[in-house]
Amino acid sequence: MPPVPEQAVTSAGGLLLVIAVLLPFVGVLIGIALRGEHARRVALCTLPLGLVIAIAIAVTVLQSGAQLTYLLGGWAPPLGVALRADMAAVVMLVVVAVVVCGIGIYACDDFNPARESPGPRASSTFWLLLLAVWGSLNLVFVSGDLFTLYVALELLTFAGVPLVCLDGRGDTLRAALRYLLFALLGSLLYLLGAVLLYGAYGTLDIALLRAASVPEPVTWAALALATTGLLAKTALFPLHIWLPPAHAGAPAAASAVLSALVIKGSWFLLIRLWFDALPGVVTF
């Protein structure tokens with residue numbers, strides 16, 4: 001069994017990480033239950049609350065000088081799952097919260113259920129998807145193991161793809177389908193890499209992988225698979241062909257969510273994988 005990481009207890013203020021992830025999804029559930037104009041109001045109430053939580057996490061980390069940790073169920077890795085927020089995660093949490101709030105303000109007029117265009121159903125759907133994207137990104141930033149990151153990426157994909165085809169036109173549906181296929185292929189490659197790492201080291205926790213991983217063929221193969229998959233989801237050349245049609249067909253606010261937020265999740269995970277999970281393998 002891999003060694004237990006040094007910080008194997010829940011930090012003071014660690015519950016803020018759980019709130020940051022759950023708050024947008026709670027907003028989604030409430031918005032689904034209320035529907036229509038109420039979904040927009042729920043989203044607009046949730047946005048400032050999420051920004052306050054992100055700032056509270058940043059203040060807590062700056063004051064303590066150490067990363068925040070929350071052990072789900074009180075179980076430490078490798079048996080349990082840990083949520084962690086270091087400075088990189090804190091920066092992304094705050095920046096994304098600010099950007100989401102800005103997108104929400106911009107979209108107030110475009111996605112108003114009282115207007116005929118794009119229609120009440122598309123309008124309420126946009127607000128629900130915006131919250132779902134936000135919650136998924138927060139989970140990406142604070143996840144402490146590669147499988148939880150996979151789950152977060154899938155949530156992000158299934159929240160982001162419908163944003164492309166909110167108007168229901170044929171060309172936007174084709175663009176959304178192309179996006180979905182690339183995203184699922186990228187997720188499959190990433191998951192195969194994670195499976196290889198688990199088979200080699202018996203854990204997917206980032207801190208444990210950092211201590212246990214060594215440069216060897218199985219690690220290189222896992223890294224190559226996961227990197228290729230994440231680059232496809234990030235839309236880096238030459239794996240970018242799904243992105244221009246998706247942006248061209250999406251409404252302005254939805255395109256801002258895709259370009260400013262969604263593709264950053266897989267890029268952040270790639271940085272985590274290279275420099276946090278496998279720093280002894282990815283060398284200059």
Side-chain angles (χ1 to χ4, degrees), residues 3-24 47-72 76-77 80-103 133-153 155-156 190 203-213 223 226-227 230 233-234 260-284:
V4 177
E6 295 180 3
Q7 193 168 4
V9 295
T10 296
S11 308
L15 187 60
L16 290 171
L17 303 180
V18 179
I19 297 174
V21 173
L22 290 183
L23 179 64
L47 296 182
L49 289 177
L51 178 58
V52 170
I53 296 299
I55 294 174
I57 293 173
V59 171
T60 303
V61 171
L62 290 174
Q63 288 179 345
S64 65
Q67 70 175 10
L68 279 183
T69 302
Y70 184 87
L71 304 182
L72 298 180
V81 174
L83 302 180
R84 302 187 182 97
D86 55 10
M87 284 305 301
V90 165
V91 170
M92 294 302 295
L93 285 171
V94 174
V95 170
V96 167
V98 172
V99 172
V100 168
C101 288
I103 292 173
V133 165
W134 191 13
S136 303
L137 282 170
N138 286 349
L139 184 57
V140 169
F141 300 145
V142 304
S143 293
D145 71 278
L146 298 185
F147 184 75
T148 306
L149 283 165
Y150 167 75
V151 173
L153 276 180
L155 290 173
L156 186 60
Y190 170 80
T203 183
L204 292 176
D205 184 79
I206 291 176
L208 296 179
L209 280 175
R210 182 184 184 93
S213 60
L223 185 63
T227 298
L230 292 173
K233 295 175 77 70
T234 308
L261 302 179
V262 172
I263 62 175
K264 303 304 187 294
S266 52
W267 178 250
F268 184 85
L269 199 165
L270 183 63
I271 299 301
R272 277 274 189 250
L273 181 66
W274 279 34
F275 299 109
D276 289 341
L278 304 173
V281 180
V282 181
T283 64
F284 285 108

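Quick caveat, the model's predicted, so the values are computed rather than measured.
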Task: Summary of salt bridge (charged side-chain N to carboxylate O under 4.0 Å, His left out) pairs that have at least one residue in residues 273-284, sequence neighbours excluded - done: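 Checked against salt bridge (charged side-chain N to carboxylate O under 4.0 Å, His left out) - neighbours excluded - the pairs reaching residues 273-284 are R272-D276.
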
Residue pair [X] / [Y]: nearest heavy atoms and the distance that separates them:
X: L17; Y: L68; result: CD1-O, 3.8 Å
X: A226; Y: L273; result: CB-CD2, 3.6 Å
X: G144; Y: D205; result: O-OD1, 3.2 Å
X: Y70; Y: L15; result: CD1-N, 3.8 Å
X: P24; Y: I19; result: CD-O, 4.5 Å
X: A89; Y: D86; result: N-OD1, 3.0 Å

Side-chain contact test, heavy atoms from C-beta onward, threshold under 4.5 Å: evaluate it for [X] versus [Y] and give yes or no.
X: P77; Y: T203; result: no
X: V90; Y: Q67; result: no
X: L261; Y: I103; result: yes
X: R210; Y: L278; result: no

[atom1]-[atom2] distance between [X] and [Y], expressed to the nearest 0.5 angstrom:
X: L139; Y: W134; atom1: CG; atom2: CH2; result: 14.5 Å
X: I271; Y: M92; atom1: CD1; atom2: CE; result: 10.0 Å
X: I206; Y: R84; atom1: CD1; atom2: CZ; result: 7.0 Å
X: S136; Y: L155; atom1: OG; atom2: CG; result: 4.5 Å

TODO: Please list, chain by chain and in numerical order, all residues satisfying side chain to side chain donor-acceptor pair (under 3.5 Å) with W274, sequence neighbours excluded.
DONE: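 With sequence neighbours excluded, W274 shows a side chain to side chain donor-acceptor pair (under 3.5 Å) to T227, given in chain and number order.
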
- [ ] For S266, check side chain to side chain donor-acceptor pair (under 3.5 Å) against everything at least two apart and list the hits.
- [x]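 With neighbours one apart ignored, the set is T234.
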
Open item on the list: Donor-acceptor check, side chain of N138 to backbone of A20, threshold 3.5 angstrom: yes or no?
Closed with: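 The answer is yes, because a donor-acceptor pair under 3.5 Å joins these two groups.
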
Open item on the list: Show, in sequence, the C-alpha distance, side-chain angles and deciding distance for F268 and L137, and conclude whether the side chain to side chain contact (heavy atoms under 4.5 Å, CB included) test is met.
Closed with: CA-CA 10 Å; F268 184 85; L137 282 170; over 6 Å; no

Counting only pairs under 3.5 Å, give me each side-chain donor-acceptor contact of residues 49-59, with atom names and distances, residues two or more places apart or in other chains.
none

Task: Residues L230, W267; criterion side chain to side chain contact (heavy atoms under 4.5 Å, CB included); working and verdict - done: CA-CA 7 Å; L230 292 173; W267 178 250; over 6 Å; no

TODO: Sorted by first residue and then second, give each side-chain hydrogen bond (donor to acceptor under 3.5 Å, both in side chains) pair with at least one member in residues 47-58; sequence neighbours left out.
DONE: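 Pairs touching residues 47-58 that pass the test: none.
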
Just distance, no hydrogens or angles: give the donor-acceptor pairs under 3.5 Å from side chains in residues 145-153, sequence neighbours left out.
from	atom 1	to	atom 2	distance (Å)
D145	OD1	T148	OG1	2.5
D145	OD2	F147	N	3.1
D145	OD2	T148	N	3.0
D145	OD2	T148	OG1	3.2

Task: Full working for side chain to side chain contact (heavy atoms under 4.5 Å, CB included) between V18 and V142 - done: CA-CA 9 Å; V18 179; V142 304; over 6 Å; no

